[in-house]
*Asks:* 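This is the structure, below, for whatever I ask next.
The structure presented is a predicted model; accordingly, all values stated were derived computationally and were not measured. Proteins get letters first, then strands, A, B, ... in listed order; numbering begins at 1 in each.
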Number of protein chains: 2
Amino acid sequence: MLLSKSCLYGVRAAMYMATLEQSEYVTIQQISEKLNISFHFLTKILQTLTENNIMVSYRGPKGGVALAKPSKDIRLIEIVDAIDGTHIFSECIFGLPGCGNMTPCPLHGEWEREREKIRRMFSDTTLAMLADKINVFNLRISDTDSAPINAKLLKSLTITHRKRK
Amino acid sequence: MLLSKSCLYGVRAAMYMATLEQSEYVTIQQISEKLNISFHFLTKILQTLTENNIMVSYRGPKGGVALAKPSKDIRLIEIVDAIDGTHIFSECIFGLPGCGNMTPCPLHGEWEREREKIRRMFSDTTLAMLADKINVFNLRISDTDSAPINAKLLKSLTITHRKRK
DNA sequence: AGCATTTCAGACTCTTTTATCTTAAAATAA
DNA sequence: TTATTTTAAGATAAAAGAGTCTGAAATGCT
Ligand code: SF4
Ligand code: SF4
């Protein structure tokens, strides 16, 4: 797995919050239920996200967590960085320590190109972009979420396309 | 880490054996010393490689392990498959179970393209290709291997290139 | 035959990751 | 103030991954 479970949970929680796009606080309880993640575990993960100024939290009734910035200003890589660290995107494919361009391993060239693309994929994607896609196409975020792809929309798109011929 | 440690060790051991390109058995002891990997641990890893017909082994004096096929016929992905399994190359980036094209996650398109490239990178590369590079440029395989890049060769190449102007 | 060498097989330990639980602290509302 | 809601913090437990150890089985050498 490229990303740790903790990181995945953090990303999915952030994605979920972005789809709500409301200014109120959301309780971790609600998020954990919606995404089917252990409440206590998610709590700890979101703690590190608030420590890293990606989210803000508020205690007491009507409290919870919220995104610290508009979702269009939060990039996937920030979340990954906070939880797993960005070394993932600069790591040697063979796990050799102290690796660099001076003593490259045989696959260095290709791997460097690929991991850079992956890194860019994470740094180019904002939460808003993901939330849009999720809302428009009704994509799933959770593993138990029963929400299938928006069948009606998909069908209409297909038909429209066919009629054009 | 994309590949597990066990897998990394297995790959490096195979690479090392390919650079020798000799028909005799090599003892696991020797490999473990050369690559600075725990002997017993490496033994277990290479056992699974022999189970998967990537290596052959022989017990007793003059025994050891050897590549089951010419190194040009062994592809990196075979080793990864034997130890970590190829699910790595078809895994959802968000770790959602039962993921597929019917209910794609927001990053599906891009990720599928990238992971396919990585998969191809592993299935296109043979041990012989790696061994050649290692031998020609004196690249390192081990983390304690003091062998730096072949400085003389590098220098001559640079100078030649410069003189062409 | 007896001995040294070497992989094989499996149990065992240590470490890291993942997950749970318990208590505290903060904020709010009544 | 007091009860309630909610995150904070940290201890603990379970699971997975990484690494170690021991004895057995096979093989070649003398
Ligand atoms: S030189 Fe090789 S081992 Fe080092 S980071 Fe590049 S690809 Fe990885
Ligand atoms: S649909 Fe999304 S989650 Fe599923 S495999 Fe593709 S990228 Fe991964």
*Asks:* Is there a side-chain contact (heavy atoms from CB on, under 4.5 Å) between B:R75 and B:F122 once you walk through the steps?
*Replies:* CA-CA 7 Å; B:R75 288 159 190 285; B:F122 276 84; over 6 Å; no

*Asks:* When you look at A:I88 and A:L3, which way does the side-chain contact (heavy atoms from CB on, under 4.5 Å) test go after all the steps?
*Replies:* CA-CA 8 Å; A:I88 302 175; A:L3 304 176; 4.1 Å; yes

*Asks:* Any donor and acceptor pair, going by atom type alone, linking the side chain of B:D84 with main-chain N or O of B:S4 inside 3.5 Å?
*Replies:*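 Between the backbone of B:S4 and the side chain of B:D84 there is a qualifying donor-acceptor contact (under 3.5 Å).
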
*Asks:* Show the nearest heavy-atom pair for residues A:I74 and A:I54, with the distance to one decimal.
*Replies:* CD1-O, 4.0 Å

*Asks:* So which pairs with a foot in residues 44-57 of chain A pass side chain to side chain donor-acceptor pair (under 3.5 Å), sequence neighbours left out?
*Replies:*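 Every pair satisfying side chain to side chain donor-acceptor pair (under 3.5 Å) with a residue in residues 44-57 of chain A: there are none.
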
*Asks:* Heavy atom of residues 76-88 of chain A under 4.0 Å from DNA chain C: which residues?
*Replies:*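 Result for residues 76-88 of chain A: none.
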
*Asks:* List the residues meeting side-chain hydrogen bond (donor to acceptor under 3.5 Å, both in side chains) with B:E110, not counting sequence neighbours, and say none if there are none.
*Replies:* none

*Asks:* Output all residues satisfying side-chain hydrogen bond (donor to acceptor under 3.5 Å, both in side chains) with A:T125, sequence neighbours left out; order by chain, then residue number.
*Replies:*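 Expected list: none.
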
*Asks:* Could you note down all residue pairs passing salt bridge (charged side-chain N to carboxylate O under 4.0 Å, His left out) where residues 58-71 of chain A supplies at least one of them, sequence neighbours left out?
*Replies:* A:K69-A:E78

*Asks:* Holding to side-chain hydrogen bond (donor to acceptor under 3.5 Å, both in side chains), I want the full list of residues that pass it with A:K72, two or more places apart in sequence or in another chain.
*Replies:* none

*Asks:* Pairs under 3.5 angstrom, nitrogen or oxygen only, protein versus nucleotides 7-10 of chain C, please.
*Replies:*
| residue | atom | partner | partner atom | Å |
| --- | --- | --- | --- | --- |
| C:dT7 | OP1 | B:I28 | N | 2.6 |
| C:dT7 | O3' | B:S57 | OG | 3.3 |
| C:dT7 | O2 | B:R59 | NH1 | 3.3 |
| C:dC8 | OP1 | B:S57 | OG | 2.4 |
| C:dC8 | O4' | B:R59 | NH1 | 3.0 |

*Asks:* Between P on C:dC14 and NZ on B:K5, what's the gap in Å once rounded to a whole number?
*Replies:*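 Computing the B:K5:NZ to C:dC14:P distance gives 18 Å.
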
*Asks:* Could you list the residues that satisfy side chain to side chain contact (heavy atoms under 4.5 Å, CB included) with A:D124, not counting sequence neighbours?
*Replies:*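 Applying side chain to side chain contact (heavy atoms under 4.5 Å, CB included) to A:D124 gives A:R120.
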
*Asks:* B:W111 side chain to B:E91 main-chain N or O, any donor-acceptor pair under 3.5 Å?
*Replies:*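 Yes.
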
*Asks:* Toward the 5' end of DNA chain C, which comes first, A:M1 or A:P61, by nearest nucleotide?
*Replies:*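 It is A:M1, whose closest nucleotide lies nearer the 5' terminus.
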
*Asks:* Enumerate the ring-ring contact (aromatic ring centres under 6.0 Å, His included) contacts for residues 25-52 of chain A, please, sequence neighbours excluded, ordered by first and then second residue.
*Replies:* A:Y9-A:F41, A:Y25-A:Y58

*Asks:* Quick one: side-chain hydrogen bond (donor to acceptor under 3.5 Å, both in side chains) partners of A:R113, sequence neighbours excluded?
*Replies:*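 Once residues adjacent in sequence are excluded, A:R113 has no partner under the side-chain hydrogen bond (donor to acceptor under 3.5 Å, both in side chains) criterion.
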
*Asks:* To the nearest 10°, let me know how far the axis at one end of the helix from C:dA1-D:dT30 to C:dA30-D:dT1 is tilted from the axis at the other, five pairs an end.
*Replies:*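 The two end axes of the helix from C:dA1-D:dT30 to C:dA30-D:dT1 meet at 10°.
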
*Asks:* If I take atom CZ in residue A:F41 and atom C1' in nucleotide C:dT17, what distance separates them, rounded to the nearest angstrom?
*Replies:* 8 Å

*Asks:* At a heavy-atom distance below 4.0 Å, which nucleotide of DNA chain D is the first touched by chain A, and which is the last?
*Replies:*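 Contacts span D:dT4 to D:dA11, reading 5' to 3'.
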
